[in-house]
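These notes are about the structure you will find just below.
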Amino acid sequence: MKIIDSHTGGEPTRTIVSGLDTPRGAKATRNFLENDADWVRTTLINEPRGFDAIVGACLCKPEDSTCITGVVFFNNLSCLHSCLHGTIGIVETLAHLDRIKPGEHRIETPIGIVTTHLAEDHSITVKNIPCYRFAEDVGVILPDGQKIIGDISWGGNWFFLISNQGPEIKTENIAALTDFTKTIRDSLHTQNITGKNGAEIDHIECFAPPQPGIDADSQNFVLCPGAAYDRSPCGTGTSAKLACLAASGKLIEGERWYQASIIGSIFEGSFESIYDSDNIIPIITGRAFVTGETTIIIHPNDPFKHGIPTHQIRV
Ligand code: PYC
């Protein structure tokens with residue numbers, strides 16, 4: 001199996017570019033990975049080859065012939081519904097392989113088709129699937145009695161978004177922000193606070209004005225499923241934020257929103273309205289860089305050939 005590593009705003013994407021047979025279609029490939037081939041995920045993401053922040057991307061033949069590829073993303077815990085930093089990463093990877101040229105390219109995911117645009121300067125824009133704010137000003141009580149207020153929004157994953165609550169958003173506080181957001185996620189779970197149709201909210205996103213020297217509208221910290229945080233501003237998280245801004249009339253169609261991540265990398269966001277609908281189409285622009293090309297070797301005698309089970313090493 002051959003992989004190409006890239007990062008988008010500091011957040012890694014590990015793309016399988018050859019050597020794995022997958023079914024046709026992103027939905028079928030997700031089923032295959034979840035039910036028959038979880039070893040692919042653990043081999044590429046778990047130590048000793050990987051680490052918790054990597055998002056894997058399994059390319060597959062698309063069901064829809066207008067798409068250049070299908071893709072399923074996965075992380076240290078499971079498959080993801082979607083991933084936009086990862087989408088930017090695979091577009092750069094396909095350009096690196098000379099499989100695509102600058103222009104528009106449609107990509108099939110298990111939850112719908114996204115349209116990407118690779119510019120001559122290698123900035124990459126993704127038009128997301130329809131997104132929306134599901135609930136506003138939802139209260140969740142933490143074990144210490146503190147009440148946190150946030151919005152629930154669908155950006156291609158389910159997010160609980162909070163503003164100006166909890167530890168200050170700066171890199172020195174990454175451990176405290178991780179603990180805080182994990183506590184919120186656990187509390188949402190125990191209080192049965194969910195997305196639409198009982199969907200689990202597995203991403204928590206904190207916002208505040210940017211730290212000095214960061215030229216953006218806002219800075220965030222995003223806890224991903226598992227315990228890793230997003231080094232990028234999180235494309236689906238920025239989409240969820242755009243849906244909330246649109247719903248509250250704080251951003252209008254076409255207006256730009258610059259979202260900085262905890263490490264100061266920036267995505268440009270905007271949205272298109274959908275006629276007769278409260279949903280919006282988020283548009284996210286960022287850049288990715290290829291960092292390596294690797295052949296994965298799976299030795300039959302290696303006791304950790306499919307990665308060290310995470311429960312054995314997580315502190
Ligand atoms: O960029 O959408 C994203 C994302 C999801 C999880 C990590 N990054």
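Counting starts at 1 for both ligands and their atoms, in listed order.
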Item to check | Those atoms of ligand 1 less than 4.0 Å from some heavy atom in Gly235 | outcome: 1 (O), 2 (O), 3 (C)
Checklist entry - N/O to N/O below 3.5 Å, does that happen between His85 and ligand 1? => result yes
Checklist entry - When you look at Phe74 and Leu44, which way does the side-chain contact (heavy atoms from CB on, under 4.5 Å) test go after all the steps? => result CA-CA 10 Å; Phe74 49 85; Leu44 297 187; 4.3 Å; yes
Next on the checklist: For Asp215, I'd like to know if atom CG has over 12 heavy atoms of other residues, nucleotides or ligands within 6.0 Å.
Outcome noted: no
Next on the checklist: Under the salt bridge (charged side-chain N to carboxylate O under 4.0 Å, His left out) definition, can you give me all pairs with a residue in residues 271-300, not counting sequence neighbours?
Outcome noted: Lys127-Glu272
Item to check | Test of ring centre spacing under 6.0 Å for Phe271 and Trp257 | outcome: no
Next on the checklist: Does any N or O of ligand 1 fall below 3.5 Å from an N or O anywhere on Leu80, backbone included?
Outcome noted: no
Checklist entry - Among protein heavy atoms, which sits nearest to atom 7 (C) of ligand 1, and what does the distance come to when rounded to 0.1 Å? => result Asp230 OD2, 3.2 Å
Next on the checklist: Taking 4.0 Å as the limit for heavy-atom contacts, which would you say applies to Thr236 with ligand 1: side chain only, backbone only, both, or neither?
Outcome noted: both
Checklist outcome for this item: In this structure, atom 6 (C) of ligand 1 is nearest to the protein heavy atom His203 NE2, 3.8 Å
Checklist entry - Do Asn220 and Glu205 meet the criterion of a side-chain donor-acceptor pair at a distance under 3.5 Å? => result yes
